[in-house]
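Here's the structure we're looking at; comments come further down.
The sequence lines fix the lettering, A, B, ..., with proteins before strands; numbering per chain opens at 1. Any value given below was found using the heavy atoms of this structure, including those in side chains, with hydrogens, waters and symmetry copies removed.
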Amino acid sequence: MEKLLEIKNLHAEVGGKEILKGIDLTVNYGEIHAIMGPNGSGKSTLSNVLAGREGYEVTEGEVIYKGKNLLELEPEERAREGIFMAFQYPVEIPGVNNSYFLKAALNAKLKHEGKPEIDAMDFLTLVRDRMKIVEMDDKFMSRGVNEGFSGGEKKRNEILQMAVLEPTLAILDETDSGLDIDALRIVAEGVNKLRSPERSVIMVTHYQRLLDYIVPDFVHVLSDGRIIKSGDKSLALELEEKGYGWLLGEDEAA
Amino acid sequence: MSTMEHYRQIFADADMVGKDIDWLAAGREKALAEFEQSGFPTSRNEDWKYTRVNPIEKKAWNWSGKTCVGLDPEDLNDYVFERKNSHVLVFVNGWFQPQLSTKHELPQGVTLSSMAAQIADGADELKPYLGKIAQNNNGFMALNTAFSNDGAYLHVAQNVTLDKPVQLVFIATRQSDPVFTNTRNLIVLERGAQAQVVETYGFISGEPENFTNAITEAVVAEGARLYHNIAQRESEQGYHVSTVAATVAKDGHFEQNAIAIGARLMRTDINVALTEPGAHATLNGLYLPHKRQHMDYHTFIDHAAPRCTSEEVYRGVLDDAGRGVFNGKVLVREGAVQTNADQSNKNLLLSKQAEVDTKPQLEIFNDDVKCSHGATIGQLNDLHIFYLRSRGLDEGQARSMLTYAFANEVVNRISLEPLRDRMSMAILDRMPGGEELKKLV
């Protein structure tokens, strides 16, 4: 299997406090990895480091993506190379129109790939098609980015953007948080539609619930900035049953 | 020659219309005397604290006589929209230009003419209004009144709606001597009348170093509705000082959008008096100083009667060493019960050298009111920038998109659609990254 992402001994700080304390993780093309863990274990920090957010400082280790040093790339370069992070808390950006923002994003990616920009008609057709997946109404496109959207609408908008941009590596940062069961199903469907041998997904989640809908190939448990256990999907079920205490206790004993 | 002697001299020589009309001549003479007394405002005056007008004071501005201009209507396409569907009055260096203007058939009861023509043909019709709505509060206003000569006059009779918008286009051209123009406009809407007016200040042929000194007086009678817009797109070598004074009677509605893009130095005062119950004023404004431009908006809403409402939204986007001033005064007089007044002023600083002084000023003299105001000064939101970049937009693109969105909060309030589109484009034209954004929006 070909490696898409390789994280080696990754250490990262936020505001001078070390959060990630040596993460090792390899994601091959076509795989779905779930990263679970209690609050404060570093799950979101890992997502943000991969997306290149300011304020998340890597102090040690490396991240190789498509054979390149990911950490040297600006956030927009990562995006154009096919990394997409669905935000845990998608921001509302009043006045920036959903439609032209998404078109600008898609054109930036196409340009990077040396392809011609998409014209207005083709873009409309593409967006309409993808909106069906997330059951979004046309009217959302003429509104500001996430402006006045409910929690569920915001998450669906993230998945819509993902469906249009067709990333190689999708990082879902607690996408399931705050979703009701219908929205969860819609979001999961969007992700499942994207599944292919050319694409990989990292799902960061606190709960097993999402994994009922998007079945992972691997499950990793993150605690205090390290992956303390990896397994297949049965690990998530076991966690659900026994709680994180089970593993944390084991960690302390070791 | 001293400054005052200079203006006294050109006052004697100027080919102003209506020199033989006693009340008008006396009013001009009195105003000149007031100007000689007061001079130009200084920063010792609290109202002019942040705006120094020395560059205007230092120059000996000359009167521009009525001259022939070699322009075609097409030369004005940047400033004029939908000629077929608007009445367009064009003024060049202060004088009305019929050959550049377009007047369609007017509904019965509507007068639309140049001020000079109205003075020549029926000055008495102007007498009850001129100088009655705008007092000569400062030297600039006195100077305007002394030299007022041309401008636009719009009168709409009771219950008449002027369906086509009126575009007043004031153009400065490059002159060998720097000239000033003292445009005077008068808009009178009788009971239940409606009109939309756009004042555009622009330039043609190089970047003239002109001085526009304008006053617009507006009367909105009972139940009348005036939609008033000012697009200030002067030369960046020029100076623009203007006052809009409006009175709004019972259940009348005054709505204004003021957009400032041009001029080296701009000062605009907007004074609206809500004189009878149920009157309403909406004031929207946007100032976009860059390079070394200075833009100052002073607004004053006078709640003088019960149950009046006002809403004010001003935004500033300041780049380079641009300087902005916003002073928003709301006065709620004794007895003006059940007043509802909202004011908001937000400023976006795009560079370290940019600066803004914002001063909301609420003076309330009775208890039964609902008033709110807020002023902010800030930069673009880092999280917003990151969100856009995380989708593939580069930082410059993200910044221009967010800046445009901020400015559009005001532009989107313009009810006249072709003007709204023009203003969006005008803003993009002068924004970093605007060209690229134009292709998307």
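The environment of CD in A:Glu74 is crowded: more than 12 heavy-atom neighbours from other residues, nucleotides or ligands sit within 6.0 Å. Atom NZ of B:Lys291 has 12 or fewer heavy atoms from other residues, nucleotides or ligands within 6.0 Å.
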Distance-only check: which donor-acceptor pairs under 3.5 Å involve side-chain atoms of residues 89-98 of chain A, not counting sequence neighbours?
{"residue": "A:Glu92", "atom": "OE1", "partner": "A:Gly148", "partner atom": "N", "Å": "3.1"}
{"residue": "A:Glu92", "atom": "OE2", "partner": "A:Lys154", "partner atom": "NZ", "Å": "3.2"}
{"residue": "A:Asn97", "atom": "OD1", "partner": "A:Ser99", "partner atom": "N", "Å": "2.8"}
{"residue": "A:Asn97", "atom": "OD1", "partner": "A:Tyr100", "partner atom": "N", "Å": "3.0"}
{"residue": "A:Asn97", "atom": "ND2", "partner": "A:Ser142", "partner atom": "O", "Å": "3.3"}
{"residue": "A:Asn98", "atom": "OD1", "partner": "A:Asn157", "partner atom": "ND2", "Å": "3.3"}
{"residue": "A:Asn98", "atom": "ND2", "partner": "A:Phe140", "partner atom": "O", "Å": "3.1"}

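Heavy-atom pairs under 4.5 Å with chain A peak, among B:Asn408, B:Asp394, B:Asn412, B:Leu437, at B:Asp394. Listed options A:Lys109, A:Met85, A:Met162 were ranked by heavy-atom pairs under 4.5 angstrom with chain B; first place goes to A:Met85. Ranking A:Gly144, A:Ala51, A:Ala104 against chain B, the residue ahead of the rest is A:Ala104, based on heavy-atom pairs under 4.5 Å.
Using a 4.5 Å cut-off between heavy atoms, B:Gln397 touches chain A through its side chain atoms alone. In this structure, chain B has no heavy atom under 4.5 Å from any part of A:Arg78. With a 4.5 angstrom heavy-atom cutoff, B:Phe406 does not touch chain A via any of its atoms.
By a heavy-atom distance cut of under 4.5 Å, B:Leu383, B:His384, B:Phe386, B:Tyr387, B:Leu388, B:Arg389, B:Ser390, B:Arg391, B:Gly392, B:Leu393 are the residues of residues 370-393 of chain B near chain A, going up by number.
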